[in-house]
Amino acid sequence: MAHVKASNLLVEMPIYELSSRSMKLRVLGALKNNRFGTDGDVTVVRALQNINFEFRDGDRIGLIGANGAGKSTLLRVLAGIYEPTGGELQIDGKAVALLEMGLGMDDTLTGYQNIKLRGMLLGMKPGEVESHTQEIAEFTELGDYLHLPIRTYSSGMRIRLAFAISTTVHADLLLLDEVIGVGDAAFIEKANTRLRNFQNRAKIVFIASHSGAVISDMCNKAIWLDGGSQMFVGGVREALNAYSESLHG
Ligand SMILES: Nc1ncnc2c1ncn2[C@@H]1O[C@H](COP(=O)(O)OP(=O)(O)OP(=O)(O)O)[C@@H](O)[C@H]1O
């Protein structure tokens, strides 16, 4: 069974560029909210604070909120890309993120070698990678390019490869940003079908989106974030209504 629980989760990011005292005072004074603080000499932005939730198998959680609300940061903490600076985050199960999918690929290696490398980085055993290689290769439609170093690929070709590998592994917890830009028009439809199957296999899915329709369609729970704080956790309709009311006064 997969399970994820956040208790008073806090994520602070240091802003080292604000070194002079006068700049710090200006920024802290101008931004009269509790999002900025100091840690010793360093100014920090609280990207997330007081986040509390608990989800289990079957939960599909939409992350909603304005630009800068903290949605991507929450996905990154769940993915283990950022460490919480306070509170607790407990994850039982294997998390796979379809964020920054190109990370962990090596430019000097061929497509086939990257399938092996990234597959293993994502937790597959050598035999498992082997048995999926043909299918991954076919899905990418990259043909003979797979024998060339990936520095010769276009950005779209890289994304195809990274997406095909990432969606092959087993995920208990799947972390998605709505806009994953998986390539040209012809590829998008195929990629969407693969993504839907991948989502269906995952036990818990988090998806950040600005589209109420996407959230209503895919999720049974939602978290509304605003300014790094959690404004609402619960049903999708209630969350979308509360968010929409905040926007329209
Ligand atoms: N590496 C970083 N250093 C400093 N501040 C950061 C960093 N990453 C995020 N932040 C801050 O954390 C806050 C939350 O950002 P985040 O990207 O999570 O928002 P978001 O809800 O995903 O926004 P969007 O809808 O625009 O993608 C923002 O105020 C942002 O400036």
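Read the numbers this way: they start at 1 and go in the same order the structure lists the ligands and their atoms. Values in this document were obtained by computation on a predicted structure and should not be read as measured data.
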Worksheet item: Below 4.0 angstrom, N of the basic side chain to O of the carboxylate: do Asp106 and Lys116 qualify?
Response: no

Discussion item. Counting only heavy atoms and a distance below 4.0 Å, can you name the residues contacting ligand 1?
Written reply: Met13, Arg35, Val45, Ala47, Ala66, Asn67, Gly68, Ala69, Gly70, Lys71, Ser72, Thr73, Tyr82, His210

Worksheet item: Any Lys/Arg nitrogen of Lys203 or Asp172 sitting under 4.0 Å from an Asp/Glu carboxylate oxygen of the other?
Response: yes

Practice prompt. State, without any angle test, whether Asn197 and Gln199 hold a side-chain donor-acceptor pair at a distance under 3.5 Å.
Written response: no

Discussion item. Tell me whether Glu138 is salt-bridged to Lys190, with the criterion being a basic N under 4.0 Å from an acidic carboxylate O.
Written reply: no

Practice prompt. With Arg160 as the cation and Phe139 as the aromatic partner, state whether NZ or CZ is under 6.0 Å from the six-membered ring centre and within 45° of the axis.
Written response: no

Discussion item. Taking side chain to side chain contact (heavy atoms under 4.5 Å, CB included) as the definition, give me every residue that meets it alongside Glu130, ordered by chain and number, with sequence neighbours left out.
Written reply: none

